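Below is one structure, written out as structure tokens; the observations come after it.
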Amino acid sequence: MSNLLALAGVNTHIGHYHILQGVDFVVPHGGLTVLLGRNGAGKTTCLRTIMGLWQASAGRIEFDGTDIARRSTPAVAQLGIGYVPESMGIFTGLTVSENLTLAARDGPLDERRLDWMFRFFPALKKFWHLPAGHLSGGQKQMLAIARAIIEPKKLLLVDEPTKGLAPAIIAHMVDAFRELKRTDTTILLVEQNFHFARTLGDTVAVMDSGRIVHSGSMNDLADDEAQQQKLLGLSLDAHQ
Amino acid sequence: MSEPRSGEHPVLETHDLTIRFGGHVAVNRVSCAFGPGTLTAIVGPNGAGKTTYFNLISGQLSATGGTVKLFGEDVTSLSAPQRTRRGMGRAFQLTNLFPRLSVLENVRLAVQSHAAMGLNLFSVWSSHVELIERAEHYLHRVKLADRRDALASALAHGDQRKLEVAILLALDPDLFMFDEPTAGMSVDEVPVILELIHEIKNQGDKTILLVEHKMDVVRSLADRIIVLHQGELVADGEPAVVIASPIVQQAYLGLAGHE
Amino acid sequence: MQRLLSGDYPRSRVLGIVLVLILAGLALAPFVFPGTRSLNVAAKICVFILLVASYDLLLGYTGIVSFAHTMFFGLGAYGIGIAATRLGPTWSGLAVGSLAALALSALLSLAIGLLSLRVKTIFFAMITLAVASFFAILASQLSWLTGGEDGLTYKLPELLLPGTKLLEAPLLGVVISGRIVSYYIVFAGALCLFLALLRVVNSPFGRVLQAIRENDFRAEAIGYRSVVYRSAANCLSALAATAAGILYAVWLRYVGPDTTLSLDIMIDILLMVVIGGMGTLYGAVIGATLFVIAQNYLQDLMKLASDAAAGIPLLPSLVHPDRWLLWLGILFVLSVYHFPAGIVGRLRGNK
Amino acid sequence: MSDDALRVPGIDKIPLALIPAIALVALPLIPSLPTWVTLTVAGLAMGMMIFIMASGLTLVFGLMDVMNFAHGAFITIGAFVATSVLIPLAGWTQADSLWLNLGAIIPAILAAMAVAGALGLVFERVIIMPVYGQHLKQILITMGGLIVAEQSIHVIWGPDIIPLPKPATLRGSFIFGDIAIEKYRVVAVIVGLAVFAAMFLLLNRTRIGLLIRAGVEDSEMVESLGYRIRRVFVGVFVAGSALAGLGGVMWALYQETVSSAMGMQVMILIFIVIIIGGLGSVGGCFIGALLVGLVANYVGFLAPKIALGSNILLMVLILLWRPQGLYPVAKR
């Protein structure tokens with residue numbers, strides 16, 4: 001399997017902070033890669049750097065064979081990368097329909113694709129003409145994901161889709177991502193919820209303090225409880 | 001400001017403290033009391049509401065429900081500066097300094113606030129030698145004395161975090177609130193901060209709240225852990241017991257979500 | 001010296017020399033630069049140093065943009081003008097006028113501050129602009145009180161009148177008239193109040209203002225209520241501007257909308273504070289001195305240039321004496337971009 | 001924030017009701033119905049002209065968080081450019097023929113809008129671009145731009161006030177029984193409504209409008225969807241400047257004079273309108289402009305002495321009621 005996205009030695013500074021300190025990892029074609037790590041490890045910065053919302057101060061970000069590290073955000077998006085930020089970035093004053101129409105950059109909404117999405121995000125159909133600000137947290141998250149995939153994308157970046165959501169909605173979200181995987185969309189998912197990550201992930205990278213500290217297959221990590229504890233968890237010697 | 005007070009009331013109490021953002025309940029009816037001389041760690045996964053809980057206590061956010069009491073006095077409707085004047089001190093997760101003022105000046109301003117001299121109009125600030133000496137003393141404690149004349153913005157990240165702590169010390173609060181004090185610090189800088197927190201704790205009359213992810217740090221410092229998950233208080237007790245409890249393991253590893 | 005300057009030294013040799021020269025020039029103006037016009041210029045420099053310094057307390061130290069500064073300046077001037085017209089040219093009349101103006105300024109500045117200082121810089125700037133323009137129109141409309149567009153010309157106590165001779169013989173070749181007394185009242189008043197402002201910005205209070213300018217969120221978190229400090233700064237600045245207005249009215253024996261209230265003067269103040277250097281009161285000294293001298297003498301120079309360039313298209317109108325503001329405006333824009341610390345910052349070698 | 005989620009979708013109608021409410025309150029106070037009608041039309045006309053000038057400014061603020069204190073310069077420049085076109089065509093404007101009048105006015109308006117728009121483009125690139133996000137510098141730099149622009153007007157058109165008579169067919173009034181309504185005011189109302197309708201349709205019915213509305217909320221997310229929001233920003237800035245130019249022409253014809261100070265005088269009203277409406281809200285700006293126009297005319301008739309203060313008083317009252325203005329723009 002070849003890699004769709006490859007980061008090599010990526011450094012990002014935000015003001016005086018040196019957040020990414022040489023990040024290397026790859027996202028293979030067609031799979032779902034999970035980026036794990038605790039709060040403040042640099043996961044969100046990593047996605048924002050890929051999107052060009054922060055500029056990398058050093059390093060290469062190769063997408064589909066071209067270096068996109070110096071590209072502007074719209075240019076990155078136009079290459080076929082969809083982005084669901086942690087804040088979801090819903091336009092609350094626009095209706096559900098308008099949010100999706102805006103995201104369909106290449107023209108009118110594709111009815112068939114829309115029907116396909118309504119199957120696993122039925123709330124969107126129900127509230128089609130409601131301003132998105134009135135949706136619940138889970139519905140907003142669905143809209144945010146739907147918006148990112150309203151047109152077929154080569155790569156989807158999703159930042160903590162389960163944050164703040166109730167268990168039943170998380171279960172629903174799992175189904176949606178499974179459906180999405182079937183369409184051969186490559187996905188890079190930032191998560192803290194390990195269970196959610198384990199259910200969906202093919203490969204995994206773990207970040208800490210601005211670096212990748214582990215990468216490999218999700219199954220290997222899921223089977224190795226000691227490793228899990230060391231990388232993610234609660235054990236005494238997790239740190240230094 | 002910080003004269004000893006009678007022990008009838010806990011230093012800090014929150015009762016049914018709640019805040020909603022739109023439909024999302026970020027902190028949900030959290031009731032908890034913190035006594036003098038204790039160090040409580042607040043843990044929980046990302047988005048659990050820890051920093052929001054802190055913001056509600058220190059007054060950066062106002063609650064949609066519930067109360068905050070400091071030494072038995074209801075401070076829920078007071079502003080952040082008013083709470084600070086009553087003995088709360090807060091260090092921030094993201095460093096939050098006065099970038100174009102000197103390191104010494106950053107600390108001196110906190111000393112000056114503690115001395116309630118902010119509205120002093122007609123004396124020269126440098127004539128208040130005692131304030132400057134106190135500020136220097138706190139810089140010594142965080143090992144920043146040699147950078148006193150540098151601009152705060154010129155400090156390295158780790159040093160900025162130390163300065164953040166020095167400002168907190170300079171407020172000489174009864175209640176210390178640390179929000180991930182060691183985040184982003186290099187390995188050799190962390191002990192300086194931990195040592196300081198230890199010292200404050202050993203004074204015996206201060207109350208410390210600590211939001212922290214690193215469990216080794218939590219274990220080495222805390223007498224008590226409370227766990228927030230999805231805005232609710234899900235566990236409260238001694239560190240060893242709480243860390244071992246299944247509910248906490250689940251909250252952290254996300255097991256609570258699915259089964 | 002340390003106490004007088006509140007420990008805030010020029011911190012640049014050139015700046016120090018220039019400041020001493022300005023001080024000496026103003027202190028000895030009646031003797032060194034005799035003549036009505038040059039004494040007028042000197043008095044105007046004194047008044048504007050105070051006015052610009054008080055504005056810098058807001059803009060440079062607290063980070064607030066207000067367009068109501070001329071309103072307070074005008075209140076002071078009209079206080080004297082109206083009192084002198086209504087109560088007659090007595091010292092007690094002047095005192096009543098001054099106190100009333102100061103009290104009104106304090107109230108008004110607090111009201112504006114409480115209504116709008118909690119919010120964004122832009123909002124405050126817009127509100128003050130609206131309120132100040134309202135006052136300017138008010139002054140020109142209430143002609144029974146303010147003399148309308150024509151303003152008020154009034155008498156002052158005899159001691160201050162030009163006809164009054166204090167000494168029989170001229171001193172150092174200068175007749176010591178009431179005019180000279182007036183000048184020294186203006187000079188001494190401006191100097192004392194400037195030093196008082198210097199003290200304020202270097203006081204514990206002044207430091208809090210800078211902290212709020214840098215990071216008001218954090219200033220709140222360490223116990224300073226920024227709205228209280230901002231309002232206090234706004235009020236102090238207004239009072240100092242009112243005092244400048246009082247001095248100006250004493251000097252001019254005339255008050256009208258164009259000399260105190262107009263937006264043009266507000267723009268002049270902005271030019272002076274930015275070109276001189278924001279956030280350092282010495283910038284006000286340099287800015288005001290340069291500006292007033294330029295206003296009075298640069299135009300002569302430009303007239304020469306304009307006449308010389310006659311016949312060349314566009315050039316004469318570009319260097320026409322009335323166009324000096326065009327060049328200052330360009331200088332102003334360049335200052336904001338390239339040397340925000342102004343001339344003083346340049347001299348001190350800051351970036 | 002919490003009631004935000006519970007609120008029924010749809011716009012807040014209370015501010016909307018203020019306009020008829022004020023007109024009705026004024027009705028019994030004004031001695032005769034014809035006077036009331038005249039004043040109401042005059043107020044609406046004034047409001048519409050202010051709206052045309054203010055709408056671009058408030059939209060630019062909503063989109064880019066930039067307040068351009070030099071916006072008044074575009075108004076003045078529009079008026080002067082139109083004057084330069086109209087003066088040589090005086091024969092056409094003073095002829096009693098609608099077609100000749102239009103033949104002069106339309107090119108004048110187009111020229112005014114084109115020049116103001118082009119200057120807007122230069123202004124955005126040269127003056128404002130380096131200070132995005134820095135409010136204090138923005139205010140200072142745009143004030144500097146205003147000084148330079150005003151002085152440049154002096155260089156080009158001289159310092160004197162220039163008379164600018166209305167075209168012949170727009171003078172005089174329509175008479176309905178006792179009621180006389182100035183023709184020009186009717187035209188102003190029609191043009192204002194047309195601009196408002198065009199803006200409303202653009203914002204609510206077109207893709208570019210969708211983009212603008214989304215950009216006001218979260219410009220970063222719009223970029224993440226693959227749009228170059230900077231181009232939209234610049235476009236809005238230029239359009240706003242061009243509208244200021246249009247408003248300048250209308251205002252100058254209304255006053256029948258052009259002076260370099262007119263932009264700044266109108267700016268005060270514009271600021272009051274934008275503050276009343278809620279910084280960044282086009283709908284709020286429309287209502288605010290009509291309120292200011294009506295109140296100014298009613299009070300000007302009833303109590304000319306306090307007419308000047310009426311707008312400030314209106315602003316203070318509205319801010320005491322809604323500190324963020326009638327339609328606060330929630331963002332950031």
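Worth saying up front: this structure is predicted, and the values here are computed from it rather than measured.
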request  = Output the distance between atom CD (C:Glu214) and atom CG (B:Asn106), rounded to the nearest 0.5 Å.
outcome  = 9.0 Å
query = Under 3.5 Å, is there a donor-acceptor pair between the side chain of C:Arg218 and the main chain of B:Asn96?
reply = yes
note = If one checks every heavy atom of B:Arg83 against chain C at 4.5 Å, the contacting part turns out to be neither
message = With a 4.5 Å cut-off on side-chain heavy atoms, are C:Val208 and B:Leu109 touching?
response = yes
key: C:Arg199 side chain vs B:Phe122 backbone, donor-acceptor pair below 3.5 Å   = yes
ask   = Got a donor-acceptor contact below 3.5 angstrom from the C:Gln210 side chain to the B:Leu101 backbone?
value = no
Contacting moiety of C:Leu209, where chain B heavy atoms sit under 4.5 Å = neither
request  = Please state whether the side chain, the backbone, both or neither of B:Leu171 comes within less than 4.5 Å of a heavy atom of chain C.
outcome  = side chain
note = Interface check, chain C: of B:Glu105, B:Met88, B:Arg90, most non-hydrogen pairs under 4.5 Å belong to B:Glu105
key: Donor-acceptor under 3.5 Å (B:Thr84 side chain, C:Ala221 main chain)   = yes
Non-hydrogen atoms of C:Pro204 and B:Ser123 that approach each other most closely = CD-O, 3.3 Å
ask   = How many angstroms lie between CD in C:Glu220 and OG in B:Ser79, if you round to the nearest 0.5 Å?
value = 6.0 Å
key: Separation of C:Phe205 CZ from B:Leu119 CG (nearest 0.5 Å)   = 6.5 Å
message = Report which part of B:Ser58 has an atom under 4.5 Å of a heavy atom belonging to chain C: side chain, backbone, both, or neither.
response = neither
ask   = In terms of heavy-atom proximity below 4.5 Å to chain C, should B:Arg100 be classed as side chain, backbone, both, or neither?
value = both
query = In this structure, are over 12 heavy atoms from other groups packed under 6.0 Å from B:His137 atom NE2?
reply = yes
request  = Report yes or no: does C:Ser203 contribute a side-chain atom to a donor-acceptor pair with the main-chain N or O of B:Val124 at less than 3.5 Å?
outcome  = no
task = Would you check if the side chain of C:Tyr224 reaches a backbone N or O of B:Ser113 as a donor-acceptor pair within less than 3.5 Å?
result = yes
query = Would you call C:Ile222 and B:His114 a side-chain contact if the rule is heavy atoms closer than 4.5 Å?
reply = no
task = With rounding to the nearest 0.5 Å, note down the distance linking CE in B:Met117 to CZ in C:Arg207.
result = 13.5 Å
ask   = Do B:Phe98 and C:Asn215 touch side chain to side chain, with heavy atoms closer than 4.5 Å?
value = yes
